[in-house]
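Keep in mind it's a predicted model, so treat the numbers as computed, not measured.
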Amino acid sequence: MFDNFNLNAIWESGGILISIVGYIIVFFALLLLYMIFALMQKVLVSRQRKKLKMQGHRAADSPEINLSGEVTSAISMALHLHFAEVHDFENTILTIKKVQRPYSPWSSKLYGLRQTPRK
Amino acid sequence: MEGIHQFLEFTGFANVTLGHLGMITVGLLFIYLAIAKEYEPLLLVPIGFGILLGNVPFIENVGLQLGIYEEGSVLNYLYFGVTKGIYPPLIFLGIGAMTDFSTLLSNPKLILLGAAAQVGIFITFITALTLGFDINQAASIGIIGGADGPTAIFLSSKLAPELIGAIAIAAYSYMALVPVIQPPIIKLLTNSEERRIKMKPPRAVSKLERIMFPIVGLLLTTFISPGALPLLGMLFFGNLLKESGVTKRLAETANRALIDIVTILLGITVGASTQATTFLTPQSILIFVLGAISFMIATAGGVIFAKVMNLFLKDENKLNPMIGAAGVSAVPDSARVVQHLGLKEDPSNYLLMHAMAPNVAGVIGSAVAAGILMGFLLKVF
């Protein structure tokens, strides 16, 4: 299986050059992507700060203007529970209500019962 | 009597070889791993069954048009999508439509881990050259280290179509075996203290950033590496369908029905391409060995680079070096492995979201690497 082992092949075929240049290009492409989006993040934050400052919010001067994903999820969950009216504490007398019904022989309990047999 | 004799000669029993039986055993093993151990069942069930399908023995090349390598057979038509590299971009479309790049955008430096892990591709490329593979074959074998089945199939369909079966099987097998291969390497390269590092929670990402990412990402990566256009084009297109918020139906079709259909076709045909009479060669076994090495180097590359990055980062921004291992792509399995290892060390340390960032960056990185190798090696002039 290893009969064809030939260390010189990497030089003769230019493989070593392709590997080094190829890896550098992959790294460069993703580094560029990183730099663009890191820059975009900074631009968006400074735009947000300006907007908040114009509206007179104190948050404009706070060092961390972005909410973490965890905080956003917690707020979203709380809003969802509020609007969907899902609450932890239920009103326990909700189900017991006195209902007034006018008398009618059709719904009379007395007529509905089986008569006890005469002995 | 002659008819009976001919019928008997046509049966699988008359044509079976040890190779067929060996491959059927491999197919059964894949199905067992998928069902009993739940190792990547969506891949291993179609591939495992495909192996069974491709290794039912019959008389070849007498015009029966049954086997995957016989022109005009149904399986051959379906295999066309593999050999011409049609399925991989469609899979990428679905992956793009289901991938959330938010964690990557919230901490863009994690993109670099996806680049670092691609070292496996290039080291294996050199190793394969020294073992006697020609330069195109070596590049196709190296890409297994990208741990991305569709990318491996796409590149080998362009550079070394004769190795496509072995490369596809190796890539998908190692992707399914991520939970077995990666943990020992991660543990070897990190200590318990490093594995317990808690990372800063990711920030919420604006819709504008999420829409800009596929557009900027496409233009930037494909201008550098146009060879990756079919893969990255579809990946970013799928992601724009998802993030735009106005093409929900298209995004849902891409990330459900379409990707499921293509996965079925790809899995079954790649499995069937392992027909023992064509597939079982010493070369295929060597490809398997090289694929494993490639995968291990890629994992180690990601982890080591995360440790190097930590040397330059402030304490509050330190990375858990385990997430570097997710840079090999294999979405989302390698991120899941990191999450499990993190929870084992500290049950309150959730690393999944952080690991997803290098994981999706790895998908982009391996596609860029494939495009670069095509750019170097495809003979167009």
Looking at chain B, which one of A/Ser19, A/Gly22, A/Ser13 has the largest number of heavy-atom pairs inside 4.5 Å, strictly under?
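The candidate making the most pairs under 4.5 Å is A/Ser19.
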
Give the member of A/Val21, A/Val71, A/Leu30, A/Leu32 that has the highest number of heavy-atom pairs under 4.5 Å with chain B.
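Going by pairs under 4.5 Å, I would pick A/Leu30.
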
Kindly compute the distance separating OG1 (B/Thr124) from CG (B/Leu290), expressed to the nearest 0.5 Å.
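The CG atom of B/Leu290 is 7.0 Å from OG1 of B/Thr124, to the nearest 0.5 Å.
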
Is chain A contacted by the side chain of [X], its backbone, both, or neither, given a heavy-atom distance below 4.5 Å?
X        : value
B/Met353 : neither
B/Tyr350 : neither
B/Ser206 : side chain
B/Leu220 : side chain
B/Val119 : both
B/Leu105 : both

Do you know which of [options] has the most heavy-atom pairs with chain A at a distance under 4.5 angstrom?
options                                : value
B/Ser106, B/Pro202, B/Ala115, B/Gly132 : B/Ala115
B/Gly142, B/Ala139, B/Ala116           : B/Ala116
B/Pro108, B/Ser225, B/Gly217           : B/Pro108

Minimum heavy-atom separation for B/Ala117 and B/Ala298, please, with both atom names.
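Shortest heavy-atom contact: O-CB, 3.1 Å.
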
Indicate the atoms forming the closest heavy-atom contact of B/Asn320 with B/Ile197, along with that distance.
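Scanning both residues, the minimum pair turns out to be ND2-O, 3.0 Å.
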
Quick one: side chains of residues 357-378 of chain B, donor-acceptor pairs under 3.5 Å with protein atoms, not counting sequence neighbours, listed by atom name and distance.
from: B/Asn359; atom 1: ND2; to: B/Ala326; atom 2: O; distance (Å): 3.0
from: B/Asn359; atom 1: ND2; to: B/Ser329; atom 2: O; distance (Å): 2.5
from: B/Asn359; atom 1: ND2; to: B/Ser334; atom 2: OG; distance (Å): 3.1
from: B/Ser366; atom 1: OG; to: B/Gly362; atom 2: O; distance (Å): 3.0
from: B/Ser366; atom 1: OG; to: B/Val363; atom 2: O; distance (Å): 3.2

Can you tell me which portion of A/Ile36 sits under 4.5 Å from chain B's heavy atoms? Options are side chain, backbone, both or neither.
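Answer is side chain: those atoms of A/Ile36 sit under 4.5 Å from chain B.
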
Check whether A/Ile20 gets within reach of chain B through its side chain, its backbone, both or neither, counting any heavy atom under 4.5 Å.
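No part of A/Ile20 comes within 4.5 Å of chain B.
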
For A/Ser73 and A/Ser76, does a side-chain donor sit closer than 3.5 Å to a side-chain acceptor?
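Per modelled atom types, A/Ser73 and A/Ser76 side chains form no pair under 3.5 Å.
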
Please list all pairs passing the ring pair (Phe, Tyr, Trp, His ring centres under 6.0 Å) test where one or both residues lie in residues 29-49 of chain A, with sequence neighbours left out.
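Pairs touching residues 29-49 of chain A that pass the test: A/Phe37-B/Phe213.
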
A/Met40, CE: over 12 other non-hydrogen atoms inside 6.0 angstrom
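Atom CE in A/Met40 is packed in, count exceeds 12.
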
With side chain to side chain contact (heavy atoms under 4.5 Å, CB included) as the criterion, how do B/Leu104 and B/Ile111 come out once you've worked through the C-alpha distance, each side chain's angles and the decisive distance to 0.1 Å?
CA-CA 7 Å; B/Leu104 187 85; B/Ile111 294 176; 3.5 Å; yes

Applying side chain to side chain contact (heavy atoms under 4.5 Å, CB included), run through A/Leu44 and B/Leu208 and close with a yes or a no.
CA-CA 9 Å; A/Leu44 287 175; B/Leu208 176 70; 3.6 Å; yes

